[in-house]
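Remarks on the structure that follows.
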2 protein chains.
Amino acid sequence: MEGSSQMPIYKKIIDYIEKCIKNGVYIRGGAIPSEQELCEMFQCSRMTVRKALDELVSTGILFKAQGKGAFVSTIEYDRLYSLKGFTQIMKEQGYEASSEVLSFEQVPASDEIARKLRIIEGDMVYSLARIRKASGVALSIEQVYLPAIELPDLEKYEFSTCSLYETMEREYGLRIERAVQTINTVEVTGEQAQILFQKDQGVALRSFSIGYDKNSKPIEYEIALYNGYKYSIDVIINN
Amino acid sequence: MEGSSQMPIYKKIIDYIEKCIKNGVYIRGGAIPSEQELCEMFQCSRMTVRKALDELVSTGILFKAQGKGAFVSTIEYDRLYSLKGFTQIMKEQGYEASSEVLSFEQVPASDEIARKLRIIEGDMVYSLARIRKASGVALSIEQVYLPAIELPDLEKYEFSTCSLYETMEREYGLRIERAVQTINTVEVTGEQAQILFQKDQGVALRSFSIGYDKNSKPIEYEIALYNGYKYSIDVIINN
DNA sequence: TAGTGGTCTAGACCACTCA
DNA sequence: GAGTGGTCTAGACCACTAT
């Protein structure tokens with residue numbers, strides 16, 4: 001699996017420390033081995049150990065105190081990864097995630113979509129609309145736009161059962177590294193209100209989100225409406 | 001000001017690059033100088049340059065492509081800093097931020113507050129309730145709890161005019177490095193509905209947020225109600 | 001082939017914390 | 001004073017991208 005020997009040493013150290021935290025070998029608020037000890041454990045130089053620790057500090061998993069050592073952050077570990085997607089979040093909370101696909105088609109990008117995805121108006125985008133459910137209860141209506149050129153033949157996948165994020169990563173090597181999200185409220189009526197609230201109207205939580213890959217290229221523009229009484233948006237903010 | 005010569009070289013490099021981006025010397029999507037060139041510019045070793053670039057990459061300001069170079073992220077620069085506080089956000093958008101203090105007192109921590117701030121139930125906390133306004137229009141009601149032991153004599157400040165975040169940083173050296181936030185919707189009635197919506201009832205955007213300092217210690221617990229028609233919560237999510 | 005970033009070494013000196 | 005992390009050097013070899 002992971003531990004292949006061509007993996008850089010610093011990544012092995014990161015993996016090792018994360019595993020120790022998950023296993024409870026290193027406990028929340030407790031110290032991890034000193035840099036010197038990690039050098040000996042992994043038979044490497046101090047700079048290599050420090051590269052690993054720097055990365056764990058920047059993701060919020062560890063914090064350091066000069067003269068004292070490095071410690072496991074006391075923020076709940078699971079929350080440190082925010083970009084999980086609906087499917088994974090629901091799975092972790094013990095619900096069965098499912099989706100009902102309302103539409104899935106290629107359309108030319110409108111002016112708004114083209115601006116968000118930084119493509120030319122009229123370029124083709126995949127438009128995927130889904131109802132997201134947890135254990136059968138509708139929690140959100142999600143409209144996603146994806147640049148067709150980045151995801152050729154996407155129509156062969158069936159997103160009522162597949163996770164969109166998993167498919168993008170596995171089949172296209174596209175991973176959302178960073179997203180910019182705006183959240184507010186909006187009155188909904190008609191079909192949307194029926195789906196979310198089983199009423200003629202209601203107030204939904206609305207999220208606009210642009211997802212970027214590692215080269216800071218936009219690869220996803222999403223507009224989602226949530227039943228904000230049944231669902232919360234969790235985010236972690238770094239300075 | 002900043003450029004004092006005891007500042008570490010890598011921080012000078014970070015400052016320099018950020019300034020060049022702000023000034024438009026390095027443009028969005030464009031390359032910055034190569035590592036070798038930066039070594040010569042700052043008369044330092046490559047590892048020092050790389051430490052600076054690593055930090056800029058991890059905050060999303062730069063991205064790299066092996067064999068090609070390092071480039072300025074195309075995400076809007078201003079959005080890369082999320083933890084700004086109400087005062088600063090409003091200032092940037094050209095509104096005049098003001099606050100009306102509803103109450104400001106020391107109280108013993110309830111069970112819930114104690115758990116969030118990781119203190120003992122009954123320990124004293126400052127409780128600050130404010131109405132946040134932009135150009136005179138009420139946008140939110142904010143209730144903040146702060147551990148009294150970390151902020152002695154906080155009552156001498158006047159938070160209808162002072163920024164809480166600025167005061168915490170300037171007077172106590174406390175800076176929120178990371179926050180965990182949960183957002184949903186809630187029905188509000190009575191006084192709260194009057195303040196936010198000038199009606200007897202409405203649906204507000206509700207945010208629970210815990211702010212942590214660099215040692216991952218909770219230093220702020222905030223419950224805020226927003227008029228989600230007039231105000232949006234902006235966040236940036238990293239993976 | 002030349003230039004770029006990716007990984008790594010084996011030291012050095014400093015500042016801080018704790019006993 | 002012993003142990004910790006913070007900063008830094010002057011090299012090395014590799015993988016990738018361009019031309």
Side-chain angles (χ1 to χ4, degrees), chain A residues 2-17 26 29-73 173 175 177 213-217, chain B residues 2-17 26 29-73 173 175 177 213-217:
Chain A
E2 315 292 20
S4 52
S5 55
Q6 12 67 305
M7 187 189 287
I9 300 172
Y10 79 91
K11 282 199 178 144
K12 289 185 191 168
I13 300 175
I14 290 173
D15 276 4
Y16 172 78
I17 291 173
Y26 304 155
I32 66 163
S34 73
E35 294 180 355
Q36 193 50 54
E37 288 171 313
L38 288 166
C39 289
E40 283 156 20
M41 287 169 64
F42 287 89
Q43 287 295 304
C44 68
S45 76
R46 189 169 161 225
M47 285 303 267
T48 303
V49 167
R50 283 181 63 77
K51 173 154 175 78
L53 298 190
D54 280 354
E55 220 167 293
L56 290 166
V57 168
S58 87
T59 53
I61 291 169
L62 298 180
F63 66 93
K64 288 179 171 185
Q66 191 173 3
K68 288 195 193 171
F71 303 86
V72 180
S73 166
R175 190 179 144 76
E177 295 285 337
D213 73 359
K214 64 177 167 26
N215 295 337
S216 151
K217 188 196 295 179
Chain B
E2 315 291 20
S4 52
S5 55
Q6 12 66 306
M7 188 189 288
I9 299 172
Y10 79 91
K11 281 199 179 146
K12 290 184 190 168
I13 300 175
I14 291 173
D15 276 5
Y16 172 77
I17 292 173
Y26 304 155
I32 65 163
S34 73
E35 294 180 355
Q36 193 50 54
E37 287 170 312
L38 287 166
C39 289
E40 282 156 22
M41 287 168 65
F42 288 89
Q43 287 295 305
C44 68
S45 77
R46 189 169 161 225
M47 286 303 266
T48 302
V49 167
R50 283 182 64 76
K51 173 153 174 78
L53 298 190
D54 281 353
E55 219 166 294
L56 291 166
V57 168
S58 88
T59 54
I61 291 169
L62 299 180
F63 66 93
K64 288 177 171 186
Q66 191 174 6
K68 289 196 194 170
F71 303 85
V72 179
S73 167
R175 190 179 145 76
E177 295 286 337
D213 73 359
K214 64 177 167 27
N215 296 336
S216 155
K217 189 196 294 180

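What you see is a predicted model; the values in this text were computed from it and never measured. Computed over heavy atoms, backbone and side chain alike; hydrogens, waters and symmetry mates excluded. Quick note on labels: first sequence line is chain A, next is B, and so on, each numbered from 1.
- When each of D/dT4, C/dA15, C/dC13 is scored by its nearest atom to the side-chain atoms of A/Q66, the top-ranked nucleotide is C/dA15.
- Comparing C/dT7, D/dG5, C/dG5 by their closest approach to the side chain of B/K64 singles out C/dG5.
- Rounded to an integer number of Å, the gap from B/E37 CD to C/dA2 C1' is 14 Å.
- Each of A/A65 and A/T48 was assigned the nucleotide of DNA chain C with the nearest heavy atom; the assignment lying further toward the 5' end belongs to A/T48.
- You'll find that the side chain of A/C44 is closest to C/dT9, out of C/dT9, D/dG6, C/dG5.
- Rounded to an integer number of Å, the gap from A/Q43 CD to C/dT9 P is 10 Å.
- Residue B/K51 has its side chain nearest to D/dT7 when only D/dT7, C/dT17, D/dT9 are considered.
- Using a 4.5 Å heavy-atom cutoff, the side chains of A/L62 and A/I32 are in contact.
- Using a 4.0 Å heavy-atom distance criterion, A/L53 is classed as making no nucleic acid contact.
- Residues A/Y16 and A/M41 have side chains in contact (heavy-atom distance under 4.5 Å, counting atoms from C-beta outward).
- Counting to the nearest Å, the P atom of C/dC14 and the CZ atom of A/R50 are 17 Å from each other.
- In this model, the phosphate group of C/dT4 is approached by a side-chain N or O of B/S34 to a distance below 4.0 Å at OP1 or OP2.
- Looking at B/I14 and B/I61, their side chains never come closer than 4.5 Å, going by heavy atoms from C-beta outward.
- Rounded to an integer number of Å, the gap from B/E35 CD to D/dC16 P is 16 Å.
- If you measure from atom CG of B/L38 to atom C1' of D/dT9, you get 17 Å, rounded to the nearest angstrom.
- At least one side-chain heavy atom of A/D54 sits under 4.5 Å from a side-chain heavy atom of A/K64.
- C/dG6 atom P lies 12 Å from atom CG of B/L62, rounded to whole Å.
- Side chain of B/S73 to main chain of B/G60: a donor-acceptor pair is present (N/O by atom type, distance under 3.5 Å, no hydrogens or angles).
- For A/M47 and C/dC8, the CE to C1' distance is 10 Å, given to the nearest whole Å.
- Under 4.0 angstrom from either OP1 or OP2 of C/dT7 there lies at least one side-chain N or O belonging to A/Y10.
- We find that CZ of A/R46 is positioned 14 Å from P of C/dC13, with the value rounded to whole Å.
- When distances run from any side-chain atom of A/K68 to the nucleotides C/dG6, C/dC18, C/dC8, the shortest one goes to C/dC18.
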